[in-house]
Student: 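One structure coming up, written as structure tokens, with questions to follow.
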Amino acid sequence: MCGIVGYIGTKQAAPIILDGLSKLEYRGYDSAGMAIFNGKTIDFKKATGRLKVLENLTKGGTETPGTSGIGHTRWATHGAPSDVNAHPHFNEQGTIAVVHNGIIENYLQLRKFLKEKGYNFQSETDTEVLAHLLDYYYKGNPMEAIFKMLRRVQGSYALGIMFAEHPDVIFAVRKDSPLIVGQNEDGCFIASDVPAILKYTRKVYYVDNQEIVKLHADHMHFYNIDEEEIEKESVFIDWDANAAEKAGYEHFMLKEMYEQPKTITDTLNPRIKNGNIEIEELNMTMEQLQNVKKMHIVACGSAYHAGVSGKYVIEKLARVPVEVDLASEFRYRDPILEEGAMVVVISQSGETADTLAALREAKKRGFQVLGIVNVVGSSIAREADNVLYTWAGPEIAVATTKAYSAQLVALYLLAMKLAQAKGTIDAARMHQLLGCLERLPHQVERLLNTKEQIQKFANRYLAAKDIFFIGRGIDYAISLEGSLKLKEISYIHSEAYAAGELKHGTISLIEEGTLVAAVATQPELYKKTISNMVEVKARGAFVLAVTCEDNKEIEKAADYVIYIPETDPLFANSLAIIPLQLFGYYIAVGRGCDVDKPRNLAKSVTVE
Ligand code: AGP
């Protein structure tokens, strides 16, 4: 996600901002910029590409003198990476500057409102609406303009704001996206994360939701959304710099697992309005959706596993047949795409060679392609006809977790939208499904908080040679991903099987003590999966079951049970995968593996 750094004090601001942004590079970005008050006006520099480009452009900040400023590294969400889309963004007079991390969910409505008021926009970003909205409300008092702006804005935001007419202060605002402020003898600081200012101070204040901070050179004031001044407790950071990049987590993978509730929220909320699903990015009318006769989902690895899960959800809700292909197979099997087919490719990086080739193969045959992609402006995002972004933010760990979870909820939205168009679900069912989606983030958080229990169980299997995952229907899709998570970071051999397949060969591999993880989240399949559990148990297996809280029957067939909270069976994948991610993670940690950078693997497989 984006990085924000701000400074106001007695030192030159630009070098401090550039240094702070360099400590946030791990968050992933595609462009950078900064605004500095030079004594008269707000000077700014922006550049696409690495931070080095901005550093060179400003000669390490010496070309932009001034003792107050705000800087930004941009992870694109709305608008491809470009100089004009880079932050900071300004009002038309260039007297108000804003940097932003997050997603303004109602930016289209605000953009329309401001255009009707005569405002002109330079960029494609959601952020620019904030600069013009502040201008619209600014009558000389920055705090008044900020409070009024906040009452109009929906979404997640961490903001740094400057007003040329008030050079003795800078402002920080936070809702959902992380933001801290700090102070030392030379000034006050704003930052998205601790690493950016650890060099200058270990005494920080975590800005809470809907708090506004007014930073002067030698002191700060904190306010709540009701415009009341509040007191804040400071926190002393005793992390070392390396730990700080992971926000105190031992690995990026664990940090990203813990970001899943926000990832799910950020992917769902902008597409659910007034109890309805609106996916503008589909660019398909209800009639076009009604005419979809078959869907082809094409992807690799975990994205493929999300697609397998999506198949079950889409077929169940929309009654549209779905074929899921590995991209490396699809591209060479001369696929049969019939009229009325909808092709969907899924990719976190948007650069996977096989998936890109599959997209081109489908387009060569005259079919429109929808991309479900995480990296804005990536090759697949640029070449797809339409893009449904997963807005998981940059994923650093090679083993995907939060992007995979975002892919799942993107597919749920697609399934529900298609079902609505097909008339295969009524308003009551839509309402019930939306209620389940709304509860997912909190339920994921609850499961993440069972990590000690999972770690204790995982430590019993550090020396395992083979671990099998079995399930039926969506549980098979969950097994595929649970098995991949384990093997790609712990190097333990693992396989996932449709539970009904065991007796066709694999069961011969089961020995005394072999761990078999049975996923049973689909009530109409409980009995069938339990019978498979009994089969492997009879041959010596130790059976770990992942099931729903209401499934007490399973306890007679399992040796260890992990329960997931109640949700619609179609969304159970989003919950059951959490303990399996943690299981794979703690086995890898226990085995001393390089969790974030497993051997032989790359975060993006850009070669065949
Ligand atoms: C997932 O943990 C793996 N790193 C890998 O399977 C990955 O999902 C696959 O390479 C697809 O990558 P993409 O989503 O960036 O296309």
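Every number for a ligand or one of its atoms is a count from 1 in the order of the listing. Bear in mind the structure is a predicted one, so any value in this text is a computation, not a measurement.
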Student: Contact between K485 and ligand 1, counting heavy atoms under 4.0 Å?
Tutor: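 Under 4.0 Å: yes for K485.
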Student: Could you name each residue pair satisfying ring pair (Phe, Tyr, Trp, His ring centres under 6.0 Å) that touches residues 558-577, not counting sequence neighbours?
Tutor: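 Pairs touching residues 558-577 that pass the test: Y412-F571, F457-Y560.
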Student: Identify, by atom number and element, the atoms of ligand 1 in contact range of Q348, meaning under 4.0 Å from any of its heavy atoms.
Tutor: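 With Q348 as reference, the close atoms of ligand 1 come out as 13 (P), 14 (O), 15 (O), 16 (O).
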Student: Under 4.0 Å from ligand 1, counting heavy atoms only, is it the side chain of T352, its backbone, both or neither?
Tutor: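 Only the side chain of T352 comes within reach of ligand 1.
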Student: May I ask you to check whether H251 and Y585 place their ring centres under 6.0 Å from each other?
Tutor: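 Yes; H251 has its ring centre under 6.0 Å from that of Y585.
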Student: Look at ligand 1 and say whether L484 reaches it with a heavy atom at a distance under 4.0 Å.
Tutor: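 Contact check L484 vs ligand 1: positive.
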Student: Using a strict cut-off of 4.0 Å, indicate which atoms of ligand 1 neighbour a heavy atom of E488.
Tutor: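 With E488 as reference, the close atoms of ligand 1 come out as 1 (C), 2 (O), 3 (C), 4 (N).
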Student: Assess, by modelled atom type and distance only, whether the side chains of E256 and T401 contain a donor and an acceptor separated by less than 3.5 Å.
Tutor: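 Per modelled atom types, E256 and T401 side chains form no pair under 3.5 Å.
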Student: Could you tell me which residues satisfy side-chain contact (heavy atoms from CB on, under 4.5 Å) with N291, sequence neighbours excluded, listed by chain and number?
Tutor: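 E287.
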Student: Please evaluate residues H305 and Y404 with respect to the criterion ring pair (Phe, Tyr, Trp, His ring centres under 6.0 Å), reporting the C-alpha separation (whole Å), side-chain torsions for both, the decisive distance (0.1 Å), and the verdict.
Tutor: CA-CA 9 Å; H305 298 154; Y404 167 82; 7.5 Å; no
Student: Are T547 and T521 packed together at the side-chain level, in the sense that at least one heavy-atom pair is separated by less than 4.5 angstrom?
Tutor: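 When only atoms from C-beta onward are counted, T521 and T547 do not touch, as no gap falls below 4.5 Å.
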Student: Side chain or backbone of E351 under 4.0 Å from ligand 1, or both, or neither, by non-hydrogen atoms?
Tutor: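 Near ligand 1, E351 shows nothing, with every heavy atom at 4.0 Å or more.
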Student: Under 4.0 Å from a heavy atom of A399: which atoms of ligand 1 are those, numbered in the order shown and with their elements?
Tutor: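 Numbered from 1, ligand 1 contributes 2 (O).
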